[in-house]
Amino acid sequence: MITSNRTRLPMPGGAIPDAARAALNALVKSLSLELAPDGIPVNAIAPNFLYSETYFPRALRR
């Protein structure tokens, strides 16, 4: 599953997507525990913030 590491550092205006990502992270953990006895792996890719104008606007950089 593709999720995000953004739930570790929430940003204003992101309550709904952050909640969805947190739910997906919990689903991955739960499914991995439930399916491990059957040898079925469950993984998540959770990239961190990208160094871009969206996350780090030039106006706020010092």
Side-chain angles (χ1 to χ4, degrees):
M1 297 182 198
I2 306 295
T3 181
S4 173
N5 201 27
R6 180 180 156 150
T7 57
R8 294 180 179 263
L9 182 62
M11 297 175 73
I16 301 300
D18 287 349
R21 289 179 181 110
L24 185 56
N25 291 341
L27 176 64
V28 168
K29 290 176 184 178
S30 295
L31 281 176
S32 66
L33 291 172
E34 289 183 26
L35 298 176
D38 297 320
I40 301 171
V42 180
N43 295 303
I45 296 174
N48 204 350
F49 290 100
L50 302 174
Y51 192 75
S52 69
E53 186 69 22
T54 302
Y55 291 112
F56 300 101
R58 291 172 203 232
L60 298 178
R61 293 185 206 162
R62 294 180 187 190

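Keep in mind that the numbers below use all heavy atoms, side chains included, and drop hydrogens, waters and symmetry copies.
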Side chains of residues 30-41: which donor-acceptor pairs under 3.5 Å do they make with residues two or more places apart or in other chains?
unit_1	atom_1	unit_2	atom_2	d
S30	OG	A26	O	3.2
S32	OG	V28	O	3.2
S32	OG	K29	O	2.7

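If you take CE on M1 and CD1 on I45, they are separated by 11.5 Å, rounding to the nearest 0.5 Å.
In terms of the side-chain contact (heavy atoms from CB on, under 4.5 Å) criterion, residue partners of A46 (sequence neighbours excluded) are, by chain and number, T3.
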